[in-house]
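Notes follow the structure.
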Protein chains: 2
Amino acid sequence: MANSASGDSVVDRVVRVIEAFPEGVTSLQLSELADRSGLPLSSAHRLVRQLSEHGLLDLGAGGTVRLGLRLWELVNRNSPTLALRQAAMPFMEDIQQVLNQNVNLAVLDGWEALFVERLSRRGSVANRAQIAGRMSVHISSAGLALMSHQSRELQAEYLEQFADSSGKVTAGVVRHLLAEAAQQGYAQLAGVVDPDTWGIAVPVINSKRRTVAALGVVVPLAEMRLQALVPALQTAARGIGRQLSD
Amino acid sequence: MANSASGDSVVDRVVRVIEAFPEGVTSLQLSELADRSGLPLSSAHRLVRQLSEHGLLDLGAGGTVRLGLRLWELVNRNSPTLALRQAAMPFMEDIQQVLNQNVNLAVLDGWEALFVERLSRRGSVANRAQIAGRMSVHISSAGLALMSHQSRELQAEYLEQFADSSGKVTAGVVRHLLAEAAQQGYAQLAGVVDPDTWGIAVPVINSKRRTVAALGVVVPLAEMRLQALVPALQTAARGIGRQLSD
DNA sequence: CACGTTCTACCATTGAATGGAAGCTGCTGG
DNA sequence: CCAGCAGCTTCCATTCAATGGTAGAACGTG
């Protein structure tokens, strides 16, 4: 009952507060935030107030807590993927125009593909929600495209998690998917996310020969035309990669 | 020389570190970060390390500091403007398709319009950079559209800053612009940002009659057709507003 | 290879962070 | 109309986590 009974630093607590928001939830009651972050109410209150004085959070009347506009602004202005997204956008628009499909751009984070940009198929309901969404490597074409071009060491480390295995997904299957993707130069996966769609993704390789992203499309099964899609994606991916150095 | 010689809390310092990144800069050296944030090198180092252990920052080899992917993810998943952007996106795409102009969406933050979403004109080079950009109220059509629909009190407070005045912009001029925008139901401004472009913006009013955003287009002077643009924008803005409650 | 620069680690000092308790506010149901 | 409740806000004595000067390591450079 003094400076941190729980043995964590102030920084830890700030992080816990920000991480307390469940995916897609923009607003939380103070007491709920305290619960979720595992902080005493008064501590949570103090932290939230301090952060909202700086605009990183927004403490409204009645204890409603939101992320602050200022935080959104700072992060989006200085985002680590800014250069990537800027380089990729024109090419993604080209693909959207030419193929009229949902186009997306993902980076590898841990054992997941993190989607950093997305254009919806023209005419469809826009689905910006999936920006900042994640998918496990082995269930997404983008994830496979990314992982299949990582170093042998990283791939081995990744595959280990399937080793023990309850059996749902075996290391062998995933290894096969990766090998196929590496050999073909693209990854494709049918009906995993949505039974009626097909995902195709290609690696984006920067000027230092590092695979920094995956460019992909999601198409209805009925419209699947690998011959048309893959070359278009690969061309775009090369164009993007040429502009990226790190 | 002990717990904070500078008299600021840990939270203050965390904010200073995050705010130290200049607009558009994604990567900073540790020593430069320490300078910019006004922190002793060892303190900056400790904070950055702590934050990067949680993924909010990314401390690379050689002291290169970036914002963390995890921070980007958290902020974009739980962004305070998520609902607004989701509601607006389909309408913005419609406008882009029909009018083929640069479409943007802004909210009011302080005395500035903060741009939260943007679609580039088809065929033009995509300019995602301006997302998370700011413009003063009185030099942007979006800003005028937003401010002209705020409460009398807020407008009065806003106009005060032009009172003392060196004379560059007078309160009278701004008041006139606001009055005109309020009366017409849209704001328009020619050649302020770029001499060859015209900006037009309309307010987005939610179901509680609060003006929560501005929807605008930027068109080349030569293609200016108010008669066509304003009704389209107003229709879209109403569609967006109908879906928003707070 | 010596020098300068920048990053990283250490650790005694001390004041900022902590959180229980009490007060406040607004709502709800009897 | 008011008692009771639930959640927000404030207060303050206690105490340990944060601080930053210093020293050392790792570069890069002339």
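These numbers come from the heavy atoms of this one structure, side chains and all, not from hydrogens, waters or symmetry mates. So you know, we letter chains A, B, ... as the sequences are listed, proteins then strands, and number each from 1.
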Rounded distance (Å) that lies between atom [atom2] of [N] and atom [atom1] of [X]:
X        : N       : atom1 : atom2 : value
Asp35(A) : dA6(D)  : CG    : P     : 14 Å
Leu41(B) : dT5(C)  : CG    : P     : 14 Å
Asp8(A)  : dA16(C) : CG    : P     : 20 Å
Asp12(B) : dT19(D) : CG    : P     : 11 Å
Gln50(B) : dA9(C)  : CD    : P     : 13 Å

* Asked: Quick one: on DNA chain C, does Glu32(B) or Arg46(B) contact a more 5' nucleotide (nearest heavy atom)?
  -> Glu32(B)

* To do: Would you classify Ser43(B) as touching base, sugar-phosphate or nothing, given that sugar-phosphate means primed atoms plus P, OP1 and OP2, and contacts are heavy atoms under 4.0 Å?
  => base

Heavy-atom side-chain proximity of [X] to [Y] below 4.5 angstrom:
X         : Y         : answer
Gln130(A) : Met135(A) : no
Arg46(A)  : Gln50(A)  : yes
Val169(A) : Val174(A) : yes

* **Neighbours of DNA chain C within residues 58-67 of chain B, by heavy-atom distance under 4.0 Å** => Gly62(B), Gly63(B)

* Any donor-acceptor N/O pair under 3.5 Å between dG7(D) base and Ser31(A) side chain -> no

* Structure fact -> Taken to the nearest 0.5 Å, the spacing of Leu39(B) CG from Leu47(B) CG works out to 6.5 Å

Does [X] have a side-chain nitrogen or oxygen under 4.0 Å from the phosphate oxygens OP1 or OP2 of [N]?
X        : N       : result
His45(A) : dC8(D)  : no
Arg49(B) : dA18(D) : no
Arg13(A) : dA17(C) : no
Gln29(B) : dC7(C)  : yes

* Structure fact -> Looking only at dT9(D), dG20(D), dC7(C), the nucleotide nearest the Pro40(B) side chain is dG20(D)

* To do: For residues 135-151 of chain B, pull every pair meeting side chain to side chain donor-acceptor pair (under 3.5 Å), keeping only residues two or more places apart or in separate chains.
  => Ser151(B)-Glu153(B)

Going by atom type alone, with no hydrogens or angles, which donor-acceptor pairs under 3.5 Å involve a side-chain atom of residues 57-70 of chain A and a protein atom two or more places apart or on another chain?
{"from": "Thr64(A)", "atom 1": "OG1", "to": "Gln29(A)", "atom 2": "OE1", "distance (Å)": "3.2"}
{"from": "Arg66(A)", "atom 1": "NH2", "to": "Asp246(B)", "atom 2": "OD2", "distance (Å)": "2.7"}
{"from": "Arg70(A)", "atom 1": "NE", "to": "Glu19(B)", "atom 2": "OE2", "distance (Å)": "2.8"}
{"from": "Arg70(A)", "atom 1": "NH1", "to": "Glu73(A)", "atom 2": "OE1", "distance (Å)": "3.4"}
{"from": "Arg70(A)", "atom 1": "NH2", "to": "Glu19(B)", "atom 2": "OE2", "distance (Å)": "3.4"}

* Asked: Among pairs that include at least one residue of residues 34-44 of chain A, which meet salt bridge (charged side-chain N to carboxylate O under 4.0 Å, His left out), considering only residues two or more places apart or in two chains?
  -> Glu32(A)-Arg36(A)

* Around Arg238(B), counting heavy atoms of other residues, nucleotides and ligands shown, do more than 12 lie under 6.0 Å from its CZ? -> no

* **Of Leu30(A) and Ser42(B), the one whose closest DNA chain D nucleotide lies more 5'** => Leu30(A)

* Output all residues satisfying side chain to side chain donor-acceptor pair (under 3.5 Å) with His54(A), sequence neighbours left out; order by chain, then residue number. => Asp12(B)

* To do: Compute the angle between the rotation axes at the two ends of the helix from dC1(C)-dG30(D) to dG30(C)-dC1(D), each taken over five pairs, rounded to 10 degrees.
  => 50°

